[in-house]
Amino acid sequence: MAEQQQMSQEQMDEMQEKIKNMSPEELREFQKQQCIFCHIISGKVQSKKIYEDDKVLAILDINPANPGHVLVLPKEHYAIMPQLSSEEISNVFMIVKTISNACLRSLGVQGTNIIVQNGVAAGQKAQHFMVHVIPRQEGDGLVFDVPQKQMKEEELEVVRKKLAAHLGQKNEVPGLQPVQKAPVAERQAAETEEPDIEEPPEIEIDHEREIPSQPVEEADDEPEEEEPDDSNEQDESDDNEEGVDLDDISRMLGNG
Amino acid sequence: MDEPQCVLCEIISGRVPAHSIYEDDDVLAILDLNGAAPGHVFIIPKQHIPILEQVPNHLVGKMFNVANNISSAIFDTLKVQGTNIFMTNGVSAGQKVAHAMVQVIPRAEGDGIQLEWPPKQLDEEEMSTIELKLKEEVGKIGFGSGGGSSTPAVAAEVAAPVSSPDSEIEGEDNYLLKQLERIP
């Protein structure tokens with residue numbers, strides 16, 4: 001990253017162009033090269049390792065929220081959580097549980113927070129999916145505030161219908177199965193959805209307006225997933241709403 | 001399975017109505033009535049399990065897989081800019097109910113939700129000490145079937161709802177439990 005810090009506009013454009021023309025595989029490879037956590041996983045960058053196996057690495061955060069703050073990372077480079085298979089998710093969180101347990105037993109703390117940040121608005125800072133395990137004690141000065149709001153009954157019902165429909169539940173009991181063997185197409189779709197994460201704030205969460213009283217059936221009409229995008233353009237359209245990848249990569253390139 | 005006084009168990013049993021968005025044999029996902037944003041969901045095991053350390057591994061995997069699916073559904077249907085998957089484990093971490101839960105919180109810029117932290121800087125020695133302690137402890141705990149197996153004392157206590165004498169209790173998990181039991 002460093003050597004590319006001082007790029008001229010021309011070089012930037014050139015790089016942008018190059019990135020645009022990459023195949024998804026190339027793009028992924030490029031991301032890996034730019035990813036500090038991939039360097040940590042490969043051993044190029046040093047870290048304090050708490051746990052390691054073929055698939056997962058757990059390290060101490062060098063800028064912890066509290067002493068003992070651990071990052072649990074899949075070794076594979078995934079930018080966002082939906083790219084992980086369900087087995088990978090299970091595996092990562094089993095390790096998260098063990099690490100949380102280890103914090104409680106060995107650090108003399110009284111609790112832990114487990115946090116995943118999906119998207120910049122949620123605090124995601126790296127292009128590599130990770131889970132934070134943060135040890136907690138009374139009076140440790142950390143303030144996590146999830147304010148409570150009074151939800152309106154109608155609003156809850158609209159949201160419930162949308163989500164339930166999307167999750168494949170038609171008001172009764174579904175299985176988790178569809179997800180466990182997520183077809184390739186779906187996963188690809190998940191990948192192409194990445195840009196959503198950094199979508200500029202076109203929609204403000206406004207409790208009065210966010211969910212207009214739409215007809216209930218609406219939820220059912222929602223397209224299941226976007227079509228798998230086999231082109232390499234993702235959503236990095238020129239309308240300055242670049243997708244996650246390009247946006248971040250260019251930022252890295254630009255700012256080091 | 002059904003713990004009296006646990007409001008979430010009341011919901012699971014159907015005695016208290018809730019806005020359920022997903023349910024299977026093991027877990028239930030419902031909309032938070034007092035959520036931080038529309039689409040704020042919590043996912044709970046149907047079995048009454050107070051803290052994460054007691055949740056068997058397969059169920060941990062399931063809860064977070066369901067959380068991931070719900071997060072994707074929130075992205076797709078509610079046009080949010082992000083989601084947090086959040087778990088509070090222990091009173092000092094903000095756990096309010098003695099029933100393990102995973103929350104999915106929809107996010108947007110300037111939404112007033114605060115889940116970030118100021119980075120601390122520890123000295124090398126402190127970091128190394130923590131590294132050693134944690135590494136050793138992880139090695140001891142291992143990755144068995146999870147749940148009760150690694151925390152026998154806790155499991156026993158939970159199995160017997162009558163509070164057992166404190167003398168039999170040791171370990172941090174029990175501290176967590178005791179604190180939680182004090183929650184009204």
Side-chain angles (χ1 to χ4, degrees), chain A residues 48 50-51 60 63-65 67-68 81-82 86 89-90 93-94 97-98 100-102 104-106 110-119 121-123 136-138 142-148 151 155-156 159-160 162-164 166-167 169 173 175-176 179 196 199 201 203 205 210-211 222, chain B residues 19 21-24 31 33-39 52-53 57 60-61 64-65 68-69 71-73 75-77 79 81-90 92-94 105 107-109 111-117 119-120 122 127 130-131 133-135 137-138 141 143 171-173 175:
Chain A
K48 298 216 179 308
I50 300 303
Y51 172 80
L60 286 182
N63 291 122
M81 191 171 180
S86 97
I89 288 176
S90 296
F93 282 96
M94 179 189 79
K97 173 188 142 182
T98 297
S100 164
N101 205 347
L104 296 172
R105 286 159 178 253
S106 71
Q110 297 149 4
T112 59
N113 282 122
I114 290 158
I115 304 183
V116 175
Q117 300 154 323
N118 291 314
R136 298 300 309 274
Q137 291 192 75
E138 296 296 341
L142 271 195
V143 182
F144 290 140
D145 186 21
V146 183
Q148 296 201 324
M151 298 286 162
E155 191 180 21
L156 281 167
V159 172
R160 190 195 69 77
K162 279 189 184 183
L163 290 178
H166 201 83
L167 290 161
Q169 181 190 35
V173 184
L176 188 60
V179 185
D196 283 356
E199 228 171 7
I203 294 185
I205 297 281
E210 151 71 349
I211 292 125
E222 295 273 333
Chain B
H19 298 78
I21 61 163
Y22 174 85
E23 181 170 12
D24 62 27
L31 285 174
L33 284 178
N34 296 299
L52 173 67
E53 280 62 34
N57 286 343
V60 171
F64 282 98
N65 267 296
N68 180 42
N69 296 342
S71 166
S72 295
F75 268 107
D76 291 347
T77 62
K79 307 290 174 236
Q81 295 161 5
T83 62
N84 283 119
I85 295 175
F86 185 53
M87 188 161 193
T88 55
N89 193 29
S92 55
I105 306 170
R107 298 299 309 273
E109 299 289 348
D111 57 13
I113 296 167
Q114 159 45 32
L115 284 174
E116 300 204 30
W117 51 85
K120 287 188 174 124
L122 307 186
M127 288 290 272
I130 292 169
E131 180 192 11
K133 279 187 186 168
L134 280 180
K135 213 189 260 181
E137 198 63 41
V138 168
I141 298 168
F143 301 92
E172 309 294 340
D173 299 345
Y175 179 81

Inset, instruction - Could you tell me which portion of A:Leu142 (side chain, backbone, both or neither) has an atom closer than 4.5 angstrom to a non-hydrogen atom of chain B? - result: side chain
Legend entry - Nearest heavy atoms of A:Pro82 and B:Ser72, plus distance in Å: CG-OG, 3.7 Å
Inset, instruction - Look at B:Leu33, B:Thr83, B:Leu52 and state which one has the largest set of heavy-atom pairs under 4.5 Å with chain A. - result: B:Thr83
Inset, instruction - Kindly give the heavy-atom pair with the smallest separation between A:Glu155 and B:Pro38, and that separation in Å. - result: OE2-CG, 3.6 Å
Legend entry - Contact origin within B:Ile105 toward chain A - heavy atom pairs under 4.5 Å: side chain
Legend entry - Working for side-chain contact (heavy atoms from CB on, under 4.5 Å), residues B:His19 and A:Val159: CA-CA 9 Å; B:His19 298 78; A:Val159 172; over 6 Å; no
Inset, instruction - Compare every heavy atom of A:Asn63 with every heavy atom of B:Pro119, then report the nearest pair and how far apart it is. - result: CB-CB, 3.5 Å
Inset, instruction - Report yes or no: does A:Asn113 contribute a side-chain atom to a donor-acceptor pair with the main-chain N or O of B:Met87 at less than 3.5 Å? - result: yes
Legend entry - Interatomic distance, A:Asn118 atom CG to B:Arg107 atom CZ [nearest 0.5 angstrom]: 11.0 Å
Inset, instruction - Starting at CG of B:Asn89, measure out to CZ of A:Arg136 and round the result to the nearest 0.5 Å. - result: 11.5 Å
Inset, instruction - Could you grab the distance from atom CG of A:Leu163 to atom CG of B:Asn69, nearest 0.5 Å is fine? - result: 12.0 Å
Inset, instruction - Measure B:Ser71 against the heavy atoms of chain A and call it side chain, backbone, both or neither at under 4.5 Å. - result: side chain
Legend entry - Residue pair A:Ile115 / B:Leu115: nearest heavy atoms and the distance that separates them: CD1-O, 4.3 Å
Legend entry - 4.5 Å side-chain heavy-atom contact, A:Phe93 and B:Asn68: no
Inset, instruction - Only counting residues at least two apart or in another chain, list the ones meeting side-chain contact (heavy atoms from CB on, under 4.5 Å) with A:Lys48. - result: A:Leu60, B:Glu124, B:Met127, B:Ser128, B:Glu131
Legend entry - Evaluation steps, side-chain contact (heavy atoms from CB on, under 4.5 Å), between B:Glu53 and A:Leu104: CA-CA 10 Å; B:Glu53 280 62 34; A:Leu104 296 172; 3.5 Å; yes
Legend entry - B:Ile21 side, atom CD1; A:Leu156 side, atom CG - distance, nearest 0.5 Å: 11.5 Å
Inset, instruction - For B:Gly82 and A:Ala121, work out which heavy atoms get closest and say how close. - result: N-CB, 4.4 Å
Legend entry - Contact winner vs chain A - B:Thr88, B:Val60, B:Ile130, heavy-atom pairs under 4.5 Å: B:Ile130
Legend entry - Rounded distance [0.5 Å steps], CZ in A:Arg105 versus CD1 in B:Ile141: 5.0 Å
Inset, instruction - Calculate, to the nearest 0.5 Å, the distance between atoms OG1 and NE2 belonging to B:Thr77 and A:His166 respectively. - result: 6.5 Å
Legend entry - Polar side-chain atom of B:Asn84 near backbone of A:Val116 as donor-acceptor pair, under 3.5 Å: yes
Inset, instruction - Would you mind telling me which of B:Ala73, B:Gly61, B:Gly112 has the largest number of heavy-atom pairs within less than 4.5 Å of chain A? - result: B:Ala73
Inset, instruction - Return yes if some donor-acceptor pair links the side-chain N/O of B:Lys120 with the main-chain N/O of A:Ala65 below 3.5 Å, else return no. - result: yes
Legend entry - Max heavy-atom pair count under 4.5 Å with chain B, selected residue of A:Ser90, A:Gly123, A:Ala122: A:Ala122
Legend entry - Check: A:Ser86 main-chain N/O paired with B:Asn65 side-chain donor or acceptor under 3.5 Å: yes
Legend entry - Residue pair B:Phe64 / A:Met81: nearest heavy atoms and the distance that separates them: O-CE, 4.0 Å
Inset, instruction - Using side-chain contact (heavy atoms from CB on, under 4.5 Å) as the criterion, list what pairs up with A:Gln137, not counting sequence neighbours. - result: A:Val109, A:Gln110, A:Asp140
